[in-house]
Structures are given as C-alpha cells and as structure tokens.
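Working notes, beginning with the structure itself.
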Protein chains: 2
Amino acid sequence: MRQPAPPFCPSLKFIAASLLVLASQLGQAQTAAPAPEVDLATLARIRDAALQSDFAWQRLANLADKIGPRLAGSPGAEAAAAQVGAAMAAAGLAVTQQPVKVPHWERGEERAELVDYAGRPAGITQRLVLTTLGGSAATPAAGLTAPVLLVHGIDELAARAAEVPGKIVLISVPFDQHLADNGLAGAAYGQAGEPRFRGPSVAAKLGAAAVLVRSVGAANYRLPHTGATGFAPGVQPLPAAALSAEDAMLIERLAAEGPVTMKLVLTPRTLPDADGHNVLADLPGREHPDEVVIVSGHLDSWDLGTGAMDDGMGVAAAMGAVQVLKSLGLSPRRTVRMVAWANEENGARGGKAYFESVKGKLPTQVAAIESDFGLGDPLGFFGAISEAELKRLAPVAQVLRSIGAGVMTTRAGEAGTDIEPLQQAGVPGFAPLVDTRHYFDYHHTAADTLDKVDPQALRKQVALLAVLSYALAEMKTPLARVPAGH
Amino acid sequence: MRQPAPPFCPSLKFIAASLLVLASQLGQAQTAAPAPEVDLATLARIRDAALQSDFAWQRLANLADKIGPRLAGSPGAEAAAAQVGAAMAAAGLAVTQQPVKVPHWERGEERAELVDYAGRPAGITQRLVLTTLGGSAATPAAGLTAPVLLVHGIDELAARAAEVPGKIVLISVPFDQHLADNGLAGAAYGQAGEPRFRGPSVAAKLGAAAVLVRSVGAANYRLPHTGATGFAPGVQPLPAAALSAEDAMLIERLAAEGPVTMKLVLTPRTLPDADGHNVLADLPGREHPDEVVIVSGHLDSWDLGTGAMDDGMGVAAAMGAVQVLKSLGLSPRRTVRMVAWANEENGARGGKAYFESVKGKLPTQVAAIESDFGLGDPLGFFGAISEAELKRLAPVAQVLRSIGAGVMTTRAGEAGTDIEPLQQAGVPGFAPLVDTRHYFDYHHTAADTLDKVDPQALRKQVALLAVLSYALAEMKTPLARVPAGH
Ligand SMILES: [Zn+2]
Ligand SMILES: [Zn+2]
C-alpha cells in the first residue's frame, strides 16, 4: 500500500477492464449497504472538526517537550498524569485519577567494551554502544569481564546450553525491515523481539553471566533500542542489555575469527513499587451513562527519548477524540471514556488495575480502543470481533475513506496491551491501522521525539478515534461480546 | 542522477529525437577522441583486476573492526599506522613511516540538561544529547549553568552581541538534505558547518560562556555529529559542543515560549602534541622513480565511530589501488605513492609535514589524489586543473564508464585537505566524485562503522584510483602545473 506507481503504459484493453471491475464494485456497494446505525452526517462533522483542531498537537507537545520521559515510577510519569488530568478537566470532561501501584526501575550506568579478540593490537579496546533492558539486574559496579557466546536465536542458545555458564551471551537476530515495509511490522517485531522477551530468562537458567540482544528495530544509526525483559518465576534476574545493531554485527565478524571477551557495566536499580495513576476523562452518555466506550493510549514511556510517538501520540489522539466530541456538543448514548494508561511498557499494571475496578460490572464495558502504533498516517482500523459485527461499523470506514483511513478489518487477539484484560473478558477491542514502516526506526530509542510526529497524521488519528468511539457509543445496541479464544 | 525512471509513456517522436541526439554524440566522440597517452587495454586490465580484489576490503575491515577510532594522538592512530605499513610492506611496496607531530585532544565527559523553561513541571529537567567539538575547552568539572541565547547564524550572533556575555549560545542552522540529494553535499556541509567552524571563536570574543551548534548532517536519530572547531589567535577557547538536531529543535520550540536555562558539563583535555605518522608506500617508477603521483586517504578518524567511511574507505582504496598495480606487475614511468595521512580531522598536520619534506623538490610531485568522500558508489573524478589538461585523461574516464564511474570534470580549489598545500604550490589535485547523498547521515558520528560501506562500492573506488593514478604516472609528459588562484 502507498507505494509509488510503477512506470507502466496502460493499454486501452486494461483501462476498459479496470473500468468494468470498478463499475461492478460500485454496483455491489450500492445494493449491499445496510441502513447505517449511526448518522453519517454527524460522523462526517466529527471527522472535519478533528482535522481542524490542534488540541491534540498541543497536548502532545506538552507531554514530549515539557515533561519528556515518563517511565512508570519516575517524576515524569506523575507530572504527565497531572498534566493530562488538568487538560481534560479544562476541556470540560469528568476526570478521575485512578491509583495504580507501578514498578519502579532506574537505568543507571551502561557501558561495554571489547577487551580482547583475534588481531587486537596491544593497547586497543573497542567501545560498544548499548542500553540496559528494563527489568535487568546489575553487574558489579566495577563491571564484569567474560567471554562472549554468540548465538542466533533461542533455539541455538538452548542447543548450546553446555557452553553458556559464565558467558556473556549475545543473541543476534536482525530486524526484518522488508516485513515492516510490507505492513507486517508487528511480525517483524515479534521475530526480532523474541530474544529480548525470552532470551534473558533462558540464558539465566543456563548459568549465563549476562545476556545481550541485538537491538530490535531498523534504521541503524548506532542507536540502541531498549524495552522490557522478564524472568520466569524462580529465575534470578541477570544483567541484560540491547546492543546497537552495528556492534552486534561487529561481534559477528570478530567471533568468526576467534574468541571475543567483553567488559560490561550495567548498574540499574529495581526500587519498591511506586504510586502511579491511570487518568480517566469521561464524556457522559445521554442514555446509558454507566455504559462505557474506552478510547486510550499509554502515558508511560521509555526513559531514553521523550515518548512522543510511543505513546504520546496515542494519548494525545485519545484526548483529542473526546475533546472534539465535547467541543461539538455531542453526547452519544453511552459514555466515551478517555484513558491514559499508567504502565504499558514494563508491567501492564495500568490495564490490570482498571480491569480490577470494573470486573464486577463487565457488561458496562462496551468496547475499548487503544492507540499504540506510533507516528504513522492512519490507514483505517481493526477490530478483534467477528466479520458480521464489524460490518455494523461500515459508516465509520465510509467517512474515513476521504482521509485515506477507510480500511476496516478484523484481527484476532490483543488490540492493545492495556485493554487485553478487557478483551480476554469478551469486550470488543479496536486499534487504528497505521503506517508502521518507520515505527521501529525510533521505537524505544532516544530518537522518539516530537519532530518525528507529523501534525497532520495526528489530526487524522484524532478523527479516526473520534469517529470510531462516537459510533461505538451511539449504536442502538452494543456490539456482541467476543467469545473466549477468538 | 541515478533517480528512478519517471512513469511516462515515450512517444515515437520522442524516441526518434533521442536516438538522433545519441547518434550525434557518438559521432562527435569518434571524431574528437585524441590518440590516448596511455594504453587503454592496460587501464581496462587494471580496472578489472581491482573489481576482483578483496585486498582493500580486508584492509578496511582490519582498520575499522580491529582498531576502530583513530584520532590523532590516540593509541588507535599509531596502531593503524603500524598496521597499514605492515600490510603495504607485505604487498611488496617500499614503506616509509614519516613522523608528524600531531595535536592530542581527548573527549572526556559530555552531558547537558535543560534545568528551566516555560511550563516546566516541578522536579522535571530534560536531558540533551550532544557531543563535544574537537578543540573545545572544558567547563568546570561540576558543569556550568546559564541561560541559552538562540541564534540562527553567525550574522545574528554578531547582531545580538550585547546579549551574548555569560550565555550558552546555540547556533541552530539545519542541514539542507535537499542539496545533498542533488549532488551538492559539499555545499550543504559548508552552509550548516559554518557555525561549527567559526561560531565558537566569534561567540568567545563576544563573551559567551559556551557555544552549541546544531549537529551538521542529515538523518536525525538523536545522533550528534562531532568535528573540529577552532579559535582565532588570541581568543581564549570556550566549551563548544554539537547538539543533536532533535534537541536543537526542542530548544527552538521552548525558546519561543520563554527563557531556557541549561546545565552543561564538558570535560575535554588538550594534551601536549603527540607523535604520529604519515604512512608512505611506493611503487617505484620505471623511468622517473623520483617523480611521484600520490594516491591517498587520511588515516585518522573521529573517536565516536570506527572511521570506516571517514576515511577508512579512502585509505583502503588508496592501498588497494597501489596493490593492484603491483599485483599486475605494472611499473609506470613514475612512482605511484600511497599516502595514509596522519591528521586530517583536527589540524591537517600530516599534509603540512609531507609538504615540508618535498617543498625543496616540488617538480617531483607530479599529481596528487585524495579520496575522502566516504561510502558512496564512485561516479567519476574531478581534477583541479584546466579543461584542456583534463582532456588528456579521457582514456581514464573511458574505461571507467562501464562501472558507472566515467564522469570527468574540472573543479577549482581544494581536492582534499591533506593535498591542499601541494595544490597551493601548483600540483594538480584530484578526487573521486562519489554518491554523497547519505554521507552526512553518518559523517563524524558513532554510526560511521563498517556495515555502512558497500564492498562493491569500495572495489569500484579501488578501480578508479588505480586507473587514474596509473594514467597520471604513465603519461609521457606530466600534467601542466596549476597557476596560483586557479
Ligand atoms: Zn507503546
Ligand atoms: Zn575525512
């Protein structure tokens, strides 16, 4: 999608055939369109107002530029919750600060160098660029020095278990940008991310001294990509870091010639759980104020960048969506609730705490949208619901087509980390479909900054979230619940 | 050049007209071609041998991966001189290590944060990403805190002289990638680099506390680009650093709302001059061994990356060029001399020392080539000589056309920093023309690493340097000297 047109010369026959196909599709659309459940003119009015508004951009600029990093437990996280709550209250919404106990992890020092390898001239060591993974344990303050064991995946790590004890394990799996270029960034992240998600725990069980993963993400500018890792119950956490792609490739080359020895210094600290907050802002429903459609993003962000795209953009778009409904004086049948989640990145405690607060009244949770796919232009949306139920949202896709965001598709499984507990309990989950070709260039790096976000892409995302959340809140009857295991 | 073909449908008339133009050009070429001064078959043989050789790639990999950073005065610089000399001696060339006293500057600590600005929540500061400029003075070890004065060029700095005393001056000039995309990377570097070259000295004279420049270069990945600055005689050096483009933009946005205060810690050290070496490796001429054609690159590199493209690639290509002539058993009339210069980046002492060593016998210096434009595919070469003299090198362009490197053009002025003293004295200077569209993405950053270099582009560069240096050394009579001021 959105590729440049190939340089071809259409024959008259081709043009004629194309027109016939188009004509037949138009005919089908006219006969198949059901009577819309929500008023198309209202949806169009919401879309157009969103495209005129800079409310979301101002909110995003405040989050990214005035506060910056917002990792759970940090001063930035709490400042952000206060700022978001104040902005939504000022916009006339009913704000709740929902307390959440969040993990509290601090980065500390992070450095490494290669101290020996084949062909090393006397006196030379090679400095590496890396960043500690969230949840990592610390090395001794003076660092640890050990041979590197290079493997290319979890399978190879397991197969070479006997070599692991005492080693600094490097799991080097490159990010497949070709997948990302073809709309499959999530799959690319899953493949390249597996060593980060699972590798440290596996390596710890096998007796490694530390574990490094090749940074997940494309765009090699010696830029390490952080992110959370985790350890299975009973496994003692070990020092774990993401190495820049360049340095992973360097070690691949050096290791082909002989043993490689590294000195590693990582001094993160895991502190007692801290106080955080989900921020809720309600536009009360006119018929069923107790029934809720969630439109959300996550307020926390990694500490290296300013979290403009992950997920300042999602939070700002959700804020903007509710604000645009409010500014138009709209009050759909059900409540539209903006949620800025407290802790997506390293614990998902925000979504869990919210779920705990509503689990006794789950039928009131009608649908949930989370926007957490970053900076790209929205292309449409997906719902983790049945094809038949999705068709009821055809008017949403219809009014979004003029801004290039009219794709509507089903997709099973998690639509967002924070709404997953709701989805597991049967609540229909939704997320925007966005251009993610360059998302993983910046994701979880120091380069996740405001300049990466296109204000017009943000306005379009506001339009999408506003139209979709309005439609979900306005439908005569809620969408059907989603059966377990869908 | 090298843009994808536009999607157009050529008319028969257009095709016919194009064929006529092509036919007339072919006709001109056939009638205008002079009898070549050097044997075309030999040049073609050199080109083809270069394209088959991995000698240069191995040399480059050794420099970048086994040694890495090679700033003058560092252990890496001396290890590199030894390694290059050993490799050329092993290839059968006559090696000289020419002593050069070089500057010795060490980076130290570098960090900064914004400690106050409009709308700053209590307890929040913003960490910046920056890197000290070569030649910078140090702040106090505990740092200095001062208001930021934002200007957009040297002119504005001068115009606002009264506001400068005690301030941390930020000169923010963006890099114009559009120029680079159009083959004018040098102009883009000149424009965006002026604040780095001249700004610190001007700001120091006006009483600034420190000066920051927006990083020179494209490709914003929160990646600061270092480089040398200098201070006019009698001006006391001040702390000077390059701020990541993202952080320069952040300060632009914050400064639009009110005063911005920064804390800055830079602890570089300027040490006594150190011992460095130009490495010379000669393929002696068969008729005039005392007459020399230089083919060269610079051995020193900035300390953030591994100097693979700036200028490991140039050194490796020059080494490969002489090696390929040697391996073919060729011995042109004059000596071909590979030079790996000791100190391009922060002092140009290597070129000056060489010039001192030959200034009593300048007629022996027949021509000089320096390759210092990085990682791109070569497109041809330019000579700082007259159009008429350049035409004598038509056979070189002719044999390079099949590898896309057949452009030959004159260009006045410096062809390379290290050969400039020779050029000033009338020696014809040459340099490859290369694809520099992405050179300044990596130049002087931590991301200047081996993976950025395409082995095939390096082979082509070896071919170009070998063919050109052979032709210059083989011509019956040397090229005419270049008049001063050309
Ligand atoms: Zn996220
Ligand atoms: Zn250079």
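Atoms considered below: every heavy atom in the structure, side chains included; atoms not considered: hydrogens, waters and symmetry mates. Residue numbers start from 1 in every chain, and the chains themselves are labelled A, B, ... in the order their sequence lines are given, proteins ahead of strands.
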Notebook entry, point to check: Which region of Ile124(A), side chain (C-beta onward) or backbone (N, CA, C, O), has a non-hydrogen atom less than 4.5 Å from a non-hydrogen atom of chain B, or is it both or neither?
Noted result: side chain

Item checked: Winner by heavy-atom pair count (cut-off under 4.5 Å) against chain A, out of Lys452(B), Arg253(B), Arg120(B) -> Arg253(B)

Check: Checking Asp247(A) against chain B: side chain, backbone, both or neither under 4.5 Å from a heavy atom?
Finding: neither

Note to self: Tell me the closest heavy-atom pair linking Pro75(A) and Gly123(B), and the distance in Å.
What the structure shows: CB-O, 4.4 Å

Next item on the list: Counting only heavy atoms closer than 4.5 Å, note whether Ala118(A) contacts chain B via side chain, backbone, both or neither.
Entry: backbone

Next item on the list: Select one option (side chain, backbone, both, neither) describing which atoms of Glu257(A) are under 4.5 Å from chain B's heavy atoms.
Entry: side chain

Notebook entry, point to check: Does the side chain of Gln126(A) reach to within under 4.5 Å of the side chain of Thr306(B), using non-hydrogen atoms?
Noted result: yes

Next item on the list: Name the member of Ala122(A), Ala61(A), Ser74(A), Ala447(A) that forms the most heavy-atom pairs with chain B at distances under 4.5 Å.
Entry: Ala447(A)

Next item on the list: Might you work through the side-chain contact (heavy atoms from CB on, under 4.5 Å) test for Met249(A) and Leu450(B), ending with a clear yes or no?
Entry: CA-CA 9 Å; Met249(A) 291 187 277; Leu450(B) 185 65; over 6 Å; no

Margin query: Between Leu223(B) and chain A, with a heavy-atom cut-off of 4.5 Å, which part of the residue counts as in contact: side chain, backbone, both or neither?
Written below: side chain

Next item on the list: Could you look at Glu246(A) and say if it's the side chain, the backbone, both or neither that has a heavy atom under 4.5 Å from chain B?
Entry: both

Notebook entry, point to check: Would Arg222(B) and Tyr442(A) count as a side-chain contact (heavy atoms from CB on, under 4.5 Å) if you check the C-alpha gap in whole Å, the side-chain angles of each, and the deciding distance to 0.1 Å?
Noted result: CA-CA 10 Å; Arg222(B) 207 95 180 265; Tyr442(A) 306 112; over 6 Å; no

Note to self: Please rank Gly68(A), Ala82(A), Ser244(A) by heavy-atom pairs under 4.5 Å with chain B and give me the top one.
What the structure shows: Gly68(A)

Item checked: Which atom of Lys66(B) lies closest to which atom of Leu254(A), heavy atoms considered -> CE-CD2, 3.6 Å

Margin query: With heavy-atom distances below 4.5 Å as the criterion, would you say the side chains of Asp441(A) and Tyr221(B) are in contact?
Written below: yes

Next item on the list: Please look at Ala64(B) and chain A and tell me whether the side chain, the backbone, both or neither of the residue comes under 4.5 angstrom of a heavy atom of that chain.
Entry: backbone

Next item on the list: Kindly say whether Pro69(B) contributes a backbone atom to a donor-acceptor pair with the side chain of Arg127(A) at under 3.5 angstrom?
Entry: no

Notebook entry, point to check: When rounded to the nearest 0.5 angstrom, what distance separates OG1 in Thr449(A) from CG in Leu250(B)?
Noted result: 8.5 Å

